[in-house]
Amino acid sequence: MKLGKDFFARDADIVARELLGKVLCRKIDNNVLKAKIVETEAYFDEKDPASRASKGENKVSKMMKQEPGKILVYNVHKYKMLNFVSGKKGVASAVLIRAVEPLNFEAKTSGPGLLTSALKINDEFHGKFQDEKNLLWVEESADNEEFEIVKSFRIGVTKDLPEKLRFYIKGNKFVSRW
DNA sequence: CATATGATGGACT
DNA sequence: GTCCATCATATGG
């Protein structure tokens, strides 16, 4: 079952935590690649010094104010980042997918740049709803596997808030760092 | 095992 | 030219 707009229409830290264990799906040709989300980070509005929204109006902050459930693809260095817009429309808020665990394919996905490469995610998805075209979406996990959620400070961020806004599944080997 | 550093390219000033 | 929500490699214990 796919996650709807309501799922994303909450605060980024809640969405980030609840995305853990959900299944990210990517349709390529007639194959659907499935991967469990194991690591996320929450990003907020201009109060958040790590967020692009704190640097004024730009491509990213505009998209973060769009409707929840939209896909935000952002380019850092030569890699893409996969985010989902969260919160209410008009408020800058998003969740970064940092790492996934491949369920029915083999790939290195232990990092935000690696997983977008493995799933062939590019600018084509930027600004689309998460299930538009049925090429990329998130659904409930099939199993009810137990896992422990750990909070930590964000990674690779030059300026951070004194809050723990990174969430990951404890002990999962695809988490980029713990 | 750990931490440090250079390559990398798009967006912005 | 500067900044950056990264990665792979190199170095040291």
Side-chain angles (χ1 to χ4, degrees), chain A residues 8 10-22 24 26 33 35-88 91-102 105-128 130 136 138 149-178:
Chain A
F8 296 96
R10 296 175 289 170
D11 290 341
D13 54 339
I14 296 174
V15 176
R17 188 176 65 234
E18 297 202 1
L19 273 176
L20 291 178
K22 297 290 187 292
L24 181 68
R26 168 75 168 102
L33 303 181
K36 185 167 71 178
I37 297 172
V38 299
E39 183 180 359
T40 60
E41 284 179 3
Y43 285 85
F44 296 110
D45 58 11
E46 47 281 340
K47 296 179 316 189
D48 181 355
S51 171
R52 305 304 275 224
S54 69
K55 311 203 62 163
E57 288 285 311
N58 57 53
K59 195 176 168 184
V60 176
S61 64
K62 281 182 187 172
M63 188 57 64
M64 288 174 76
K65 293 179 182 176
Q66 295 291 313
E67 296 163 69
K70 279 195 171 182
I71 294 165
L72 168 55
V73 177
Y74 178 61
N75 201 319
V76 175
H77 304 288
K78 63 193 224 181
Y79 301 95
K80 309 286 182 187
M81 303 283 161
L82 174 63
N83 307 253
F84 292 107
V85 178
S86 61
K88 292 185 292 189
V91 177
S93 165
V95 176
L96 165 69
I97 309 298
R98 281 195 58 87
V100 300
E101 174 184 348
F105 62 104
E106 293 287 331
K108 286 178 191 156
T109 53
S110 54
L114 297 175
L115 77 90
T116 52
S117 172
L119 296 177
K120 296 183 168 44
I121 291 166
N122 53 46
D123 294 336
E124 162 188 355
F125 292 102
H126 187 68
K128 304 291 185 193
Q130 55 111 12
L136 182 67
V138 181
I149 293 175
V150 184
K151 296 175 70 167
S152 79
F153 294 107
R154 290 178 289 191
I155 286 183
V157 175
T158 51
K159 298 177 182 178
D160 202 354
L161 290 170
E163 297 171 40
K164 296 185 176 181
L165 293 174
R166 172 172 174 257
F167 304 86
Y168 62 94
I169 295 177
K170 185 176 183 178
N172 190 289
K173 63 183 177 182
F174 288 93
V175 173
S176 59
R177 181 192 156 202
W178 65 93

Separation between CG of A:Leu24 and CD1 of A:Ile121, rounded to the nearest 0.5 Å: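 A:Leu24 atom CG to A:Ile121 atom CD1 measures 6.0 Å (nearest 0.5 Å).
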
Stacking check A:His77 vs C:dT6 (5.5 Å / 30 deg):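 Base of C:dT6: stacked against A:His77.
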
ring centroid sep under 5.5 Å plus plane angle under 30, A:Tyr43 with C:dA5: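 One would call A:Tyr43 stacked on the C:dA5 base.
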
Complement of C:dG13, any strand, by Watson-Crick or G-U distances under 3.5 angstrom: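 Its partner: none found.
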
For B:dT8, the Watson-Crick or wobble partner whose two distances fall under 3.5 Å: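 The base-pairing partner of B:dT8, which may sit in any strand shown, does not exist here.
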
How many Å lie between [atom1] on [X] and [atom2] on [N], as a whole number?
X: A:His126; N: B:dA11; atom1: NE2; atom2: C1'; answer: 12 Å
X: A:Lys59; N: B:dG9; atom1: NZ; atom2: C1'; answer: 13 Å
X: A:Arg52; N: C:dC3; atom1: CZ; atom2: P; answer: 12 Å
X: A:Asn58; N: C:dT2; atom1: CG; atom2: C1'; answer: 15 Å
X: A:Leu114; N: C:dA5; atom1: CG; atom2: C1'; answer: 14 Å
X: A:Ile97; N: C:dT6; atom1: CD1; atom2: P; answer: 14 Å
X: A:Met81; N: B:dG10; atom1: CE; atom2: C1'; answer: 12 Å
X: A:Asn75; N: B:dC12; atom1: CG; atom2: P; answer: 11 Å

Steps toward side chain to side chain contact (heavy atoms under 4.5 Å, CB included) verdict (A:Phe125, A:Arg26): CA-CA 11 Å; A:Phe125 292 102; A:Arg26 168 75 168 102; 3.6 Å; yes

A:Asn172 side-chain N/O to A:Phe174 backbone N/O, donor-acceptor pair under 3.5 Å: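 Here the side-chain-to-backbone pair exists.
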
Donor-acceptor contact present, side-chain A:Arg98 to main-chain A:Phe167, <3.5 Å: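 Absent.
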
Any A:Lys55 side-chain nitrogen or oxygen under 4.0 Å from OP1 or OP2 of B:dA11: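 False: A:Lys55 side-chain N/O out of range (4.0 Å or more) of B:dA11 OP1/OP2.
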
Residue-phosphate contact under 4.0 Å: A:Arg98 side-chain N/O, C:dT6 OP1/OP2: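 Answer is yes, contact under 4.0 Å.
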
Sugar-phosphate only, base, or nothing, as touched by A:Asn83 at under 4.0 Å among non-hydrogen atoms: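 Touches a base.
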
Nearest-nucleotide 5' precedence on DNA chain B, A:Asp123 against A:Lys78: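 Looking at the nearest nucleotide for each, A:Lys78 comes out on the 5' side.
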
Test: A:Asp123 and A:Lys80 ion pair at under 4.0 Å: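 A salt bridge links A:Asp123 with A:Lys80.
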
